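Have a look at the structure below, then the notes.
It should be emphasised that the depicted structure is a prediction, and the values quoted were computed from it without experimental measurement. Every chain is numbered from 1 and lettered A, B, ... according to where its sequence line falls, protein lines coming before strand lines. All values below come from the heavy atoms of this structure, side chains included, with hydrogens, waters and symmetry mates left out.
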Amino acid sequence: MKELLEILSEEVGASFAAAGIDAEYGNVTLSNRPELCEYQCNGALASAKKFHKNPMEVAEAVAEKLSASDTFEEVFAAKPGFLNMKASPEFIRKYLCGMYEDTERLGAERTANPEKLFMDYGGPNVAKPLHVGHLRSAVIGEAVKRLARFEGNDVTADVHLGDFGLQMGLIITELKERKPDLPYFDESFAGEYPAEAPFTISELEDIYPAASAKSKEDESFHEKALAATKEMQEGRRGYRELQRQIMEISVSDLKKNYARLNVNFDLWKGESDAEPYISGMVEDMKAKGFAHESNGALVVDVEEEGDKKTIPPCMILKSDGAALYDTTDLATLIWRMKDYDPDEVLYVVDSRQELHFIQCFRCAKKTGIVPVNKKLTFLGFGTVNGEGGKPLKTRDGGVMRLEYLISDIEDAMFEKIRESSPDMDEAEAHDIAKTVSLAALKYGDLKNQPSKDYIFDMKKFISSEGDTGPYILYTIVRTKSILRKFAEEGGDMTCVVPAAPSGASDKALAERLCLFQSEVRGACENLSPNILCAYIYALCNDFNHFYHDTKILSCPDEGKKKGYIADVLLTQRVLEKSIDLLGFEAPERM
RNA sequence: GUGUCUGUAGCUCAGCUGGAUAGAGCAACGGCCUUCUAAGCCGUGGGUCGCAGGUUCGAAUCCUGUCAGACACACCA
């Protein structure tokens with residue numbers, strides 16, 4: 001189906017053309033003065049300069065033309081030259097029917113230009129527990145992925161594990177100090193390494209912070225870690241085996257955590273998967289003259305004309321010859337291009353890494369790793385702050401682990417449920433707490449613009465008042481409850497059909513429903529799930545208003561009642577489809 | 001120091017390519033449950049859109065300057 005505003009714009013545009021003005025001035029938007037009208041067009045004002053016509057006269061001429069249209073119930077010109085419109089109930093009914101018949105996509109068309117998209121989000125480091133910093137990448141990335149797929153794009157999602165950098169050297173060095181007798185450290189060892197890893201996930205989680213702290217104080221420890229990193233990268237057998245073991249243990253733990261967040265990846269590749277491409281890439285860059293030495297390191301200049309500030313060169317190898325994040329990110333692009341040949345690679349990463357990606361992208365294009373016609377996109381997100389605007393920390397100032405954050409919000413939600421429904425079965429209350437708290441967390445994050453920092457306020461997130469996840473879910477639960485009751489009372493769902501809205505609140509609801517596809521498209525095109533959040537919040541408001549305004553099940557007029565039920569059903573479908581795209585779900589009751 | 005981003009109600013934020021009296025939510029105050037889940041709904045108060053200029057019929061939105069804050073500036077990722 002065409003988008004509602006597109007249909008209206010075309011019709012208004014035709015009237016502009018008939019009045020001798022370019023049809024594109026007929027662009028229709030939602031009204032910002034709902035008391036006056038539902039839709040407006042400012043084209044007459046905008047065209048005044050170019051066509052040297054009195055905007056008011058233009059608006060009146062267009063209104064005159066449109067007054068005969070079945071699409072509009074009312075069209076009038078206002079003061080300086082606004083064109084104000086109301087859609088006819090019959091037009092709305094037809095549009096709703098179109099959405100209603102398409103149970104899969106609710107009338108939303110796929111993009112006319114589907115592309116092959118490769119997404120890089122998540123970005124956890126192996127051996128380091130997930131912390132709040134990983135939340136946004138996962139949550140935003142997952143939503144963007146689902147939106148892009150819904151729009152008809154071919155999307156591959158890669159978690160891109162951090163498993164090839166200094167943190168591996170730190171772990172190896174620390175482990176060597178703790179258990180020096182392990183065969184991994186014996187260079188002359190030629191036998192089979194044990195199948196069992198020499199550590200558990202919780203040991204690993206203890207080793208990394210200890211090593212990290214040590215390397216900051218102890219210069220020699222730091223140097224050992226650097227050396228170990230390089231040896232691991234160069235393929236020292238025992239270290240590679242350790243790296244593999246660390247990976248294996250971490251990945252199964254990470255998968256659990258991401259599953260808990262309802263976040264899924266197609267690929268569980270890591271930085272280390274780029275290793276086979278590194279030496280060839282370096283040689284190629286040298287041979288073609290892109291790379292040169294600078295202060296002992298190997299770099300590629302990426303400055304371009306028009307830069308407002310000097311962009312530091314992209315570093316390919318450190319002065320000790322080891323790889324670093326530029327190296328693996330570039331070499332990773334090699335296999336992504338070779339194996340997947342995407343039209344676009346999209347990175348959902350902390351915005352503080354923007355400069356790094358500018359360097360990488362330029363270098364990749366300059367050296368031919370990525371053809372110039374492909375898109376490399378950086379979607380940077382802001383920081384999660386605590387109250388007071390400083391980055392969220394634990395009470396003792398440490399990094400907030402993601403699983404604790406999730407548990408805390410789940411516990412708080414459970415308490416809330418116990419208070420409001422003391423009779424509910426405890427197991428069910430736990431189930432619901434899980435579903436609702438995840439929605440609270442994800443919606444609380446996604447409703448913000450990705451690029452902006454936001455303040456994490458647990459009380460606000462789990463509140464069901466205002467623009468929150470629980471409020472959205474509560475509204476969905478209401479729709480389900482009505483539909484359940486309708487069926488229980490013997491209502492026949494198969495002969496329910498949308499009706500022309502007859503009152504103010506059902507018309508407002510109906511017209512909001514009609515906007516579904518344009519909002520989804522807007523969210524997808526702008527990489528902004530917050531647009532969809534704002535839409536479903538408005539839809540929930542409209543629905544709740546309608547709900548309080550209307551006797552639905554006890555409506556004496558059978559025809560009207562069927563129309564109301566259709567509205568409820570369509571509301572439910574639109575909301576559930578939307579939250580599915582955002583990456584969470586609703587319970588049956590709450 | 002250089003660059004990027006942010007500055008809208010007490011708090012947290014929306015405001016699309018400039019358009020009609022700047023919108024929500026929270027908090028405050030006041031109403032609404034014998035009727036489909038009150039985790040809801042309705043209402044009241046609250047703003048010189050950081051500041052100063054400029055562009056024009058018209059600016060929160062565009063331009064310049066200025067103040068304040070956040071972030072980034074090659075061998076961590």
Side-chain angles (χ1 to χ4, degrees), chain A residues 27 29-33 35-36 40 42 45-46 48-49 55 78-82 84 123 125 162 164-167 170 212 215 226 229 271 294-299 307-315 317-322 324-326 328-329 349-356 359 380 382-383 385 387 389-390 416-417 419-421 436 447-449 451-455 457 459-460 462-468 470-471 473-475 477-486 489 522 526 530-531 534 537-538 540-541 544-545 547-555 564 568 589-590:
Chain A
N27 190 35
T29 60
L30 288 185
S31 166
N32 54 21
R33 295 289 303 276
E35 343 73 72
L36 295 178
Q40 65 178 321
N42 302 336
L45 286 162
K49 257 177 226 156
K79 283 187 282 180
F82 294 103
N84 295 339
N125 285 309
F164 208 58
L166 179 62
Q167 87 273 22
L170 286 166
S212 174
S215 87
L226 287 172
T229 305
E271 293 168 338
S294 170
N295 296 327
L298 190 70
V299 303
D307 283 347
K308 284 195 175 171
K309 68 168 281 212
T310 53
I311 305 287
C314 191
M315 187 173 291
L317 290 177
K318 297 197 288 185
S319 46
D320 70 355
L324 71 172
Y325 63 139
D326 284 326
T328 52
D329 274 340
V349 186
D350 191 309
S351 57
R352 285 172 293 197
Q353 292 190 41
E354 182 164 20
L355 181 57
H356 158 66
Q359 293 172 293
T383 314
N385 288 329
E387 275 142 289
K390 289 159 291 178
K416 205 175 161 125
I417 293 169
E419 271 171 40
S420 63
S421 320
V436 181
K447 71 173 227 175
N448 299 288
Q449 294 177 28
S451 65
K452 288 196 173 181
D453 295 352
Y454 73 84
I455 292 179
D457 180 344
K459 260 185 275 166
K460 231 170 98 177
I462 66 169
S463 167
S464 50
E465 289 171 58
D467 189 7
T468 69
Y471 174 76
L473 296 196
Y474 182 76
T475 307
V477 165
R478 269 188 161 170
T479 61
K480 290 184 177 183
S481 176
I482 294 169
L483 296 171
R484 199 184 303 125
K485 206 140 192 166
F486 176 72
E489 289 173 0
N526 297 296
N530 57 299
I531 290 175
Y537 177 57
C540 286
N541 279 324
N544 283 318
H545 184 76
Y547 173 91
H548 280 273
D549 213 46
T550 316
K551 284 179 179 143
I552 301 167
L553 290 173
S554 55
C555 178
Y564 290 154
V568 175
R589 62 189 81 234
M590 60 189 274

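Across all strands, A:D326 comes closer than 4.0 Å to no nucleic acid atom at all (heavy-atom distances). Across all strands shown, A:H356 has no heavy atoms under 4.0 Å from either base or sugar-phosphate atoms. Looking at heavy-atom distances under 4.0 Å, A:V568 makes no contact with the nucleic acid at all. In this structure, A:E35 reaches the bases: a heavy-atom distance under 4.0 Å links it to at least one base atom across the strands shown. Counting non-hydrogen atoms under 4.0 angstrom, A:N32 reaches a base of the nucleic acid. At a threshold of 4.0 angstrom between heavy atoms, the contacts of A:S319 include nucleobase atoms, whether or not backbone atoms are also involved.
In this entry B:G43 has B:C29 as its Watson-Crick or G-U wobble partner, both defining distances falling under 3.5 Å. Within the shown strands, nothing qualifies as a pairing partner of B:C36 under the Watson-Crick or G-U definition with both distances less than 3.5 Å. Both distances falling under 3.5 Å, in either a Watson-Crick or a G-U wobble arrangement, occur for no nucleotide opposite B:G18.
Taking atom C1' in both B:G45 and B:A27, one finds a spacing of 13 Å when rounded to whole Å. Distance noted for atom C1' between B:A9 and B:A28: 13 Å (whole Å). B:G19 and B:C62 have their P atoms separated by 11 Å, given to the nearest Å.
Per the geometry, CD1 belonging to A:I552 stands 16 Å off P belonging to B:U35, to the nearest Å. Atom C1' of nucleotide B:G3 and atom CD of A:E354 are separated by 11 Å, given to the nearest angstrom.
Smallest separation of non-hydrogen atoms from A:K460 and A:T468: O-CG2, 3.4 Å.
Comparing A:H548 and A:D320 against RNA chain B, the residue whose closest nucleotide sits nearer the 5' end is A:H548.
Annotated as syn: B:C33, whose O4'-C1'-N torsion sits within 90° of 0.
Taking side-chain N and O atoms only, A:Q353 has no distance below 4.0 Å to OP1 or OP2 of B:A77. One finds a side-chain N or O of A:K452 lying less than 4.0 angstrom from the OP1 or OP2 phosphate oxygen of B:A14. Checking the phosphate oxygens (OP1, OP2) of B:U6, no side-chain nitrogen or oxygen of A:Q449 falls inside 4.0 Å. Look at A:Y454 and you won't find any side-chain N or O under 4.0 angstrom from OP1 or OP2 of B:C11.
Residue side chain A:F82 fails the stacking definition with respect to B:G19, as its ring centre and the base's six-membered ring centre are not both under 5.5 angstrom apart and under 30 degrees in plane angle.
Residues A:F164 and A:Y325 keep their aromatic ring centres 6.0 Å or farther apart.
Residue A:S351 places no side-chain atom within donor-acceptor reach of the base of B:A72, judged by atom type and a 3.5 Å distance cut-off alone.
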